[in-house]
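Structure record follows, encoded as structure tokens.
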Protein chains: 2
Amino acid sequence: MNPTFDDELRCEVTTVHRELVEQTRQKMPAEEKLYDLAELFKVFGDSTRIKIIWALFESEMCVCDIAALLNMSQSAISHQLRVLKQARLVKPRRDGKNMYYSLDDEHIEAIFYQGIKHINE
Amino acid sequence: MNPTFDDELRCEVTTVHRELVEQTRQKMPAEEKLYDLAELFKVFGDSTRIKIIWALFESEMCVCDIAALLNMSQSAISHQLRVLKQARLVKPRRDGKNMYYSLDDEHIEAIFYQGIKHINE
DNA sequence: TGAACATATGAATAGCTGTTCATGTATAAG
DNA sequence: CTTATACATGAACAGCTATTCATATGTTCA
């Protein structure tokens, strides 16, 4: 069942550029893609996670190293590592009692680099 | 006053790689930079704002166009445009009763492109 | 000037998020 | 087997956020 024209262009006010809106609607990526993109950036949108990732640019680290580096509790770091792992941004490696985490994506640096360029303007 | 060695390496557990932690600490950007970076990504971390930005890749649009395109209220869009404006990601242009918004940053596309590459893996 | 339109904004609220605390699980060593 | 260590995890809670609702501001036109 197609939505009606009114459904697609509902707006409290009346000055809508119908053609532009229709064209843009058709060029937009699937709703799900845009949602996933927002979810990815949401993961980057926390300074603790940003710090963890930046630390891992340097080297893989165990949980306790990261906790000491950021002066935060082991539990807090572990929770955040789980978020990063679920987003497939870091991956764990067990060595005895320690879990070593490292970056699992080659795009992160490019994303951060562009972000830095923006905030430096 | 320098913090003590204990202050810098506090961790509930004991296996800390002191040298690595110290080296990494010195290579980390200033706390404020990392905070600002997180704030920037936080702006991208909402699907409504992602959709607005994506729409503006196509063309500048007035508030009502965007509201119609996303089938959301004018007020909701206006609030989000304010967030984007404060982050210096969009800029407004008045034409009569309408406010036209357009992108105000050339890094956004590169950031989104890398993000898309990650979620497509 | 007054009415209609387009947008902005403050208050309120429901839903989400990051940390802490307590506790569970996995590994190593004696 | 027991203990200690390193990490994970569930519950709880405080703080934040995105939307709605009501209303204000700014612009055009008659």
Side-chain angles (χ1 to χ4, degrees), chain A residues 9-18 21 34-35 38-53 60-87 90-102, chain B residues 9-18 21 34-35 38-53 60-87 90-102:
Chain A
L9 288 173
R10 197 190 311 279
C11 179
E12 300 88 349
V13 288
T14 55
T15 304
V16 181
H17 302 83
R18 289 182 176 272
V21 169
L34 298 174
Y35 181 81
E39 287 302 301
L40 174 64
F41 288 131
K42 203 171 288 181
V43 175
F44 293 141
D46 175 80
S47 61
T48 297
R49 290 191 291 265
I50 289 278
K51 289 175 192 170
I52 292 175
I53 291 172
E60 71 167 7
M61 288 191 186
C62 68
V63 178
C64 189
D65 287 342
I66 302 171
L69 173 63
L70 305 187
N71 200 33
M72 292 180 62
S73 73
Q74 172 268 318
S75 178
I77 299 300
S78 190
H79 278 297
Q80 298 296 6
L81 283 169
R82 187 155 62 101
V83 174
L84 292 168
K85 190 171 54 178
Q86 284 172 343
V90 304
K91 60 172 184 284
R93 173 180 74 83
R94 179 174 282 282
D95 179 23
K97 285 179 289 187
N98 295 297
M99 292 290 282
Y100 289 88
Y101 283 86
S102 57
Chain B
L9 288 174
R10 196 189 311 279
C11 179
E12 299 88 348
V13 287
T14 55
T15 303
V16 180
H17 302 82
R18 290 181 176 271
V21 169
L34 298 174
Y35 181 81
E39 288 301 302
L40 174 64
F41 288 130
K42 204 171 288 180
V43 175
F44 292 142
D46 175 80
S47 61
T48 297
R49 290 191 291 265
I50 289 277
K51 289 176 192 170
I52 292 174
I53 291 172
E60 72 167 7
M61 287 192 188
C62 68
V63 178
C64 189
D65 287 343
I66 302 171
L69 173 63
L70 305 187
N71 200 32
M72 292 180 62
S73 73
Q74 172 268 319
S75 180
I77 300 300
S78 190
H79 277 296
Q80 296 297 5
L81 283 168
R82 187 156 62 99
V83 175
L84 291 168
K85 189 170 57 180
Q86 284 172 343
V90 304
K91 59 172 184 285
R93 173 181 73 82
R94 180 174 281 284
D95 178 24
K97 285 178 291 188
N98 296 298
M99 292 290 281
Y100 288 88
Y101 283 86
S102 58

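All chains are named by letter (A, B, ...) in the order of the sequence lines, taking the proteins before the strands, and each is independently numbered beginning at 1. Computation of the quantities below employed the complete heavy-atom set of this structure, encompassing side-chain atoms and omitting hydrogens, waters and symmetry-equivalent molecules.
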How far does CD1 of A/I53 sit from CG of A/D46, to the nearest 0.5 angstrom? 9.5 Å

I'd like to know if the side chain of A/R49 and the backbone of B/A38 have a donor-acceptor N/O pair within less than 3.5 Å. no

Less than 5.5 Å between centroids and less than 30° between ring planes, does B/H79 satisfy that with C/dT9? yes

How long is the line joining CG of A/N98 and C1' of C/dT25, in whole Å? 15 Å

Going by the angle between their ring planes, with limits at 30° and 60°, are B/F44 and A/F41 parallel, tilted or perpendicular? tilted

In Å and rounded to the nearest 0.5 Å, what is the CD1 to CE distance from B/I52 to B/M72? 7.0 Å

Between B/K85 and A/A76, name the one whose nearest nucleotide on DNA chain C is closer to the 5' end. B/K85

Can you tell me whether the side chain of B/S75 and the base of D/dC21 have a donor-acceptor pair closer than 3.5 Å? yes

So, does the side chain of A/Q74 form a donor-acceptor pair with the base of D/dA8 at under 3.5 Å? yes

Can you tell me how far P of C/dT7 sits from NZ of B/K91, to the nearest Å? 18 Å

Among D/dC7, D/dT20, C/dT19, which nucleotide sits nearest the side chain of B/S73? D/dT20

Can you work out whether B/Y101 or A/G45 has the more 5'-proximal nearest nucleotide on DNA chain C? B/Y101

Nucleotide D/dA18, atom P - distance to CD1 of B/I50 in whole Å: 12 Å

For a quick test of your reading: what N or O donor-acceptor pairs under 3.5 Å do the side chains of residues 92-99 of chain A make, sequence neighbours left out?
residue	atom	partner	partner atom	Å
A/R93	NE	A/E60	OE1	3.3
A/R93	NH2	A/E60	OE2	2.6
A/R94	NH1	A/G96	O	3.0

Out of D/dT19, C/dT7, D/dT9, which has the shortest distance to the side chain of B/V63? C/dT7

Using atom CG of B/L81 as one end and atom C1' of C/dT7 as the other, report the distance to the nearest whole Å. 10 Å

To the nearest angstrom, the CG-P distance between A/D46 and D/dT17 comes to 11 Å

For a quick check of understanding: with a heavy-atom distance under 4.0 Å over all strands, which category does A/Y100 fall into, base, sugar-phosphate or nothing? nothing

In whole Å, I'd like the distance from the CD1 atom of B/I66 to the P atom of D/dT19. 13 Å

Rounded to the nearest Å, what distance is computed from the NZ atom of residue A/K97 to the C1' atom of nucleotide C/dG30? 12 Å

Counting only side-chain N and O atoms of A/R49, is one of them less than 4.0 Å from OP1 or OP2 of C/dT17? no

In whole Å, what is the span from the CZ atom of B/R94 to the P atom of C/dT7? 9 Å

